[in-house]
Visitor: 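Supplied in structure tokens, the structure appears directly below.
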Amino acid sequence: MNLKIAEKLQAQRKAHGYSQEELADLLNVSRQAVSKWERGEASPDTDNLIALAKIYNITIDQLINSESEDEVVVEDKDEGKAQEKDKNESEAENIEVIQEDDDEDDEKKLSARQIAILAIVGGSASLIITLIYLIVGFCFDLWHPTWILFMMIPVVASFADAIVKKDVKHFAYPVLVAAIYVLTGLLTDLWHPLWVLFLTIPVYYIIIDAVNKCKIDEKAEKEIKK
């Protein structure tokens with residue numbers, strides 16, 4: 001990310017009296033993520049840029065494209081309080097820099113744990129479903145339509161992914177819909193009008209996006225009222 005943009009992000013945060021942790025809580029991201037934005041090592045995604053602009057009560061263009069680095073729009077806040085927070089943050093800056101590497105290592109360890117959990121869940125689901133398929137196939141000769149069980153592997157794995165990452169967008173809802181459609185179609189031969197099930201897929205993601213945006217708006221409004 002452009003270092004000037006990184007400096008502007010830091011300047012806006014300090015001008016509004018937020019610590020990195022406070023801003024991270026508002027955005028529902030880690031403090032390390034905010035730190036990386038301000039060091040130019042990573043860029044906030046579109047949703048986070050929109051949220052930042054709302055928190056600072058400015059446009060996205062003003063946030064990342066203003067020519068003057070000193071142009072910081074500050075809401076009607078207690079400037080004395082903002083300066084005091086800025087001073088405390090400056091005093092703790094050296095300690096924070098020393099601790100930053102350790103924090104990033106912890107984040108990597110956490111990510112490694114998450115990856116391990118997801119790998120275990122995915123592997124277990126694959127093994128269990130394969131065993132069920134073979135047992136049912138050999139014992140009852142129901143190779144068809146039992147093969148649909150294999151469509152549940154990504155469903156189970158993505159469900160675990162959504163829980164670990166606390167984001168339902170990671171859930172493979174389209175795969176679940178496809179599995180339900182195929183199974184019901186094979187059992188009832190009602191391929192039509194069952195195709196309507198696929199219309200729920202965009203609705204599912206629209207609802208998720210709307211809920212996430214509402215959460216961001218609520219947090220921003222609470223901060224503006226303070």
Visitor: Do W147 and L142 come close enough that some side-chain heavy atom pair is under 4.5 Å?
Guide: no
Visitor: State whether a side-chain donor-acceptor pair under 3.5 Å links N48 with D45.
Guide: yes
Visitor: Keeping R13 on the side-chain end and Y18 on the backbone end, is there a donor-acceptor pair under 3.5 Å?
Guide: yes
Visitor: Strictly distance-based, threshold 3.5 Å: is any side-chain N or O of S35 a donor or acceptor partner for the main-chain N or O of R31?
Guide: no
Visitor: Out of curiosity, L187 CG to I148 CD1, how far, rounded to the nearest 0.5 Å?
Guide: 7.0 Å
Visitor: Taking the side chain as every heavy atom from C-beta outward, state whether V155 and Y173 have any atom pair closer than 4.5 Å.
Guide: no
Visitor: For residues I50 and V211: do they belong to one hydrophobic cluster (side chain heavy atoms under 4.5 Å, members Ile, Leu, Val, Met, Phe, Trp, Tyr)?
Guide: no
Visitor: Is any side-chain heavy atom of L3 closer than 4.5 Å to one of R39?
Guide: no
Visitor: More than 12 heavy atoms of other residues, nucleotides or ligands under 6.0 Å from CZ of F159: yes or no?
Guide: no
Visitor: Report yes if the side chains of Y204 and I206 come closer than 4.5 Å at any heavy-atom pair, otherwise no.
Guide: no
Visitor: Taking a hydrophobic cluster as the set of Ile, Leu, Val, Met, Phe, Trp and Tyr residues connected by side-chain heavy atoms closer than 4.5 Å, whether directly or through intermediates, do V164 and F171 fall within one such cluster?
Guide: no
Visitor: Would a hydrophobic clustering, with Ile, Leu, Val, Met, Phe, Trp and Tyr connected at side-chain separations under 4.5 Å, put F140 with L186?
Guide: yes
Visitor: Take T188 and L194 through the side-chain contact (heavy atoms from CB on, under 4.5 Å) test and state the conclusion after the steps.
Guide: CA-CA 10 Å; T188 65; L194 282 177; 4.3 Å; yes
Visitor: Evaluate T184 against L197 for side-chain contact (heavy atoms from CB on, under 4.5 Å), listing each step before the verdict.
Guide: CA-CA 11 Å; T184 309; L197 286 172; 5.6 Å; no
Visitor: Could you state the interatomic distance from CD1 (I180) to CE (M151), rounded to the nearest 0.5 Å?
Guide: 10.0 Å
Visitor: Once rounded to the nearest 0.5 Å, what's the spacing between atom CD of Q10 and atom CD of E7?
Guide: 7.5 Å
Visitor: Passes side-chain contact (heavy atoms from CB on, under 4.5 Å), W143 versus F138? Steps please.
Guide: CA-CA 8 Å; W143 303 100; F138 282 118; 3.8 Å; yes
Visitor: Taking the side chain as every heavy atom from C-beta outward, state whether I58 and Q12 have any atom pair closer than 4.5 Å.
Guide: yes
Visitor: Hey, what do you get for NZ (K54) to CD1 (I60), rounding to the nearest 0.5 Å?
Guide: 9.0 Å
Visitor: List the atom of T146, the atom of V136, and the distance in Å for their closest heavy-atom pair.
Guide: OG1-CG1, 3.8 Å
Visitor: In Å and rounded to the nearest 0.5 Å, what is the CD to OG distance from E21 to S30?
Guide: 10.5 Å
Visitor: When you compare the side chain of V34 with that of V29, does any pair of heavy atoms fall below 4.5 Å?
Guide: yes
Visitor: Does any part of the side chain of T130, heavy atoms only, come nearer than 4.5 Å to the side chain of F150, both counted from C-beta?
Guide: yes
Visitor: Identify all side-chain donor-acceptor contacts of residues 118-127 below 3.5 Å with residues at least two apart in sequence or on another chain.
Guide:
residue, atom, partner, partner atom, Å
S124, OG, I120, O, 2.7
S126, OG, G122, O, 2.9

Visitor: Quick one: ring pair (Phe, Tyr, Trp, His ring centres under 6.0 Å) partners of W191, sequence neighbours excluded?
Guide: Y181
Visitor: Would you say that H16 contacts N57 through its side chain, given a criterion of any heavy-atom pair below 4.5 Å between the two side chains?
Guide: no
Visitor: Identify the two heavy atoms, one from K169 and one from I208, that lie closest to each other, and give their separation to 0.1 Å.
Guide: CG-CG2, 3.7 Å
Visitor: So which heavy atom on A172 is nearest to which on S158, and how close?
Guide: N-OG, 2.8 Å
Visitor: Report yes or no: do V177 and Y205 belong to one cluster of Ile/Leu/Val/Met/Phe/Trp/Tyr joined by side chain heavy-atom distances under 4.5 Å?
Guide: yes
Visitor: Can you list the steps and then say if L27 with L52 is a side-chain contact (heavy atoms from CB on, under 4.5 Å)?
Guide: CA-CA 8 Å; L27 297 172; L52 284 167; 3.7 Å; yes
Visitor: Inspect the contact between D47 and K213 and indicate whether a charged nitrogen and a carboxylate oxygen are less than 4.0 angstrom apart.
Guide: no
Visitor: In terms of hydrophobic clustering (I, L, V, M, F, W, Y; side-chain heavy atoms under 4.5 Å; direct or indirect links), are L199 and L176 co-clustered?
Guide: yes
